[in-house]
There are 2 protein chains.
Amino acid sequence: MKVSRQDHYTDTIRGGVLRDTPQRRHVYDLLRDEHSHPTATEVFLRAKKGMPSISLATVYNTLETLVACGLVKQVHVDREPTRFCPNLEEHGHFVCEHCSRVFDIDLAAERSQQWSLPAGFTITHHEISLRGICADCAKSEIQNPKSEIR
Amino acid sequence: MKVSRQDHYTDTIRGGVLRDTPQRRHVYDLLRDEHSHPTATEVFLRAKKGMPSISLATVYNTLETLVACGLVKQVHVDREPTRFCPNLEEHGHFVCEHCSRVFDIDLAAERSQQWSLPAGFTITHHEISLRGICADCAKSEIQNPKSEIR
DNA sequence: GATTGATCAAGAATAATTCTAAATCGAGAA
DNA sequence: TTCTCGATTTAGAATTATTCTTGATCAATC
């Protein structure tokens, strides 16, 4: 529902000193509508369709702002380009080594704090990333197998 | 014990087509002796002490080779420079946001496969990285608090 | 000793991201 | 409305980790 999305964006953006600019709204809406975990460059390319004048620097700035606001999350896969994710729920990511798609993985809430840390350590953030083969690719592998995965 | 270390290195390196070169042995020994998860550049700087002629390119090549052999693992922390780790046990990493040190975190074996994946997905690899404040920094924070963590 | 393929070294190239500096914009003050 | 000032945007330069290229070197085998 569009209303609550706009509200969350508006509340968060307007709550601070930040301005609700066309660029920010455009990038945010774009991210909310896609669940493909785009990179900054991909966001830039998609953003240009509806706003041809937007610059890559603005996309980087905007994404940084949205992350700082907590409106989107960064996803890191090895040292590949950072991806951005509008899913604010507790979750990890699965990257298919064959098609490179990134999938959200639900993390059972009860497991999230069960790390056996040494005494005195405090967690502020965690990132779980899994690699492997997704169901689609596993299926097509069976039909036309190729050994050169990766 | 030095013997088993050398054996593991030797077995692995000699098992394939790979040569046991002074550079490779030097870098490997260096990594085994430190548990500080150095970056390629840090490995390079340390390696130069015992082998002044070694080049950064060789360090990169060597690390890549050792990773491919399974003798060391890569550690990724966001998009920071890749770090290298001689701990082959199943483990994750904790990065202190204050001192930037990286700590190995034991992952209870029974937990390692408990991800609730969609049907048909296969995991080949996973990386768990936690962020927070380590015990040392938590202690010194109490003594002279600074709000500008990060 | 010659050959051959692996390895090494130096520096160029790449690519994601950040920085810089100037132009523009927008909200509130006058 | 017009002014002002700080936030934002933009283009392009700069940074930085890493990879690539190319020629030199080395070590095992012929």
Side-chain angles (χ1 to χ4, degrees), chain A residues 9-10 12-28 30 37-48 50-69 71-72 74-84 95 100 102 150, chain B residues 9-10 12-28 30 37-48 50-69 71-85 95 100 102 150:
Chain A
Y9 169 84
T10 305
T12 310
I13 276 285
R14 305 300 286 270
V17 205
L18 297 168
R19 287 197 199 145
D20 174 9
T21 69
Q23 288 87 347
R24 285 177 179 162
R25 188 170 289 273
H26 185 57
V27 167
Y28 178 67
L30 181 158
H37 304 83
T39 63
T41 304
E42 287 165 355
V43 170
F44 174 55
L45 292 176
R46 294 179 202 175
K48 278 210 294 193
M51 186 180 276
S53 69
I54 198 169
S55 75
L56 180 57
T58 297
V59 169
Y60 271 105
N61 289 338
T62 300
L63 290 171
E64 185 185 23
T65 302
L66 295 175
V67 168
C69 285
L71 282 166
V72 306
Q74 290 184 317
V75 180
H76 296 103
V77 177
D78 297 353
R79 258 190 62 93
E80 290 172 15
T82 303
R83 294 172 176 276
F84 297 86
V95 190
S100 301
V102 178
R150 180 106 262 249
Chain B
Y9 168 84
T10 306
T12 310
I13 275 285
R14 304 300 285 271
V17 205
L18 297 169
R19 286 197 200 142
D20 174 9
T21 70
Q23 287 88 349
R24 284 176 180 162
R25 188 170 290 273
H26 185 57
V27 166
Y28 178 67
L30 181 158
H37 304 84
T39 63
T41 305
E42 286 165 357
V43 170
F44 173 54
L45 293 176
R46 293 177 203 176
K48 278 210 293 192
M51 186 179 277
S53 67
I54 199 170
S55 75
L56 179 56
T58 297
V59 169
Y60 270 104
N61 289 337
T62 300
L63 290 171
E64 185 186 23
T65 302
L66 293 175
V67 168
C69 285
L71 281 166
V72 307
K73 285 183 172 179
Q74 290 185 316
V75 180
H76 296 102
V77 176
D78 296 356
R79 258 191 63 94
E80 290 173 14
T82 303
R83 294 171 175 278
F84 297 86
C85 171
V95 191
S100 301
V102 178
R150 176 111 254 260

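These figures come from a predicted structure and were not determined experimentally. So you know, we letter chains A, B, ... as the sequences are listed, proteins then strands, and number each from 1.
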Would you classify [X] as touching base, sugar-phosphate or nothing, given that sugar-phosphate means primed atoms plus P, OP1 and OP2, and contacts are heavy atoms under 4.0 Å?
X: B:T41; value: nothing
X: B:T39; value: nothing
X: A:T82; value: sugar-phosphate
X: A:N61; value: base

Value in whole Å for how far the [atom2] atom of [N] lies from [atom1] of [X]:
X: B:K48; N: C:dC8; atom1: NZ; atom2: P; value: 17 Å
X: B:R25; N: C:dC8; atom1: CZ; atom2: C1'; value: 18 Å
X: B:F44; N: C:dG11; atom1: CZ; atom2: C1'; value: 13 Å
X: A:D78; N: D:dA17; atom1: CG; atom2: P; value: 17 Å
X: B:R19; N: D:dA28; atom1: CZ; atom2: P; value: 7 Å
X: A:H76; N: C:dT17; atom1: NE2; atom2: C1'; value: 11 Å
X: B:L63; N: D:dA17; atom1: CG; atom2: P; value: 14 Å
X: A:F84; N: C:dA16; atom1: CZ; atom2: C1'; value: 11 Å

Residue [X], side-chain heavy atoms: nucleotide from [options] that is nearest:
X: B:S55; options: D:dT10, D:dT8, C:dA10; answer: C:dA10
X: B:A57; options: D:dT9, C:dA10, C:dC8; answer: C:dA10
X: B:Y60; options: C:dC8, C:dT17, D:dT19; answer: D:dT19

Counting just side-chain N and O atoms, does [X] come under 4.0 Å of either OP1 or OP2 of [N]?
X: A:R79; N: D:dA17; value: no
X: B:Q23; N: C:dA9; value: yes
X: A:T21; N: C:dC25; value: no

| task | Check whether any side-chain heavy atom of B:P81 sits under 4.5 Å from a side-chain heavy atom of B:T41, and report yes or no. | result |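 B:P81 vs B:T41: side chains apart.
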| query | Between B:Q23 and B:N61, is any pair of side-chain heavy atoms under 4.5 Å apart? | reply |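 They are not in side-chain contact.
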| Taking for each residue the nucleotide of DNA chain D bearing the nearest heavy atom, is the 5' side occupied by A:V59 or by B:L56? |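 The residue closer to the strand's 5' end, by nearest nucleotide, is A:V59.
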| task | Over all heavy atoms of both residues, which pair between A:A40 and A:L56 is shortest? Give the atoms and the distance, please. | result |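 Taking every non-hydrogen atom into account, O-CD1, 4.3 Å.
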| Considering all heavy atoms of both residues, which atom of B:R83 and which atom of B:H37 are nearest to each other, and what is their separation? |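 Looks like NH1-O, 2.8 Å.
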| request: Look up atom CD in B:Q74 and atom CG in A:D78, then write down how far apart they are to the nearest 0.5 Å. | output: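 Between atom CD of B:Q74 and atom CG of A:D78 there are 7.0 Å.
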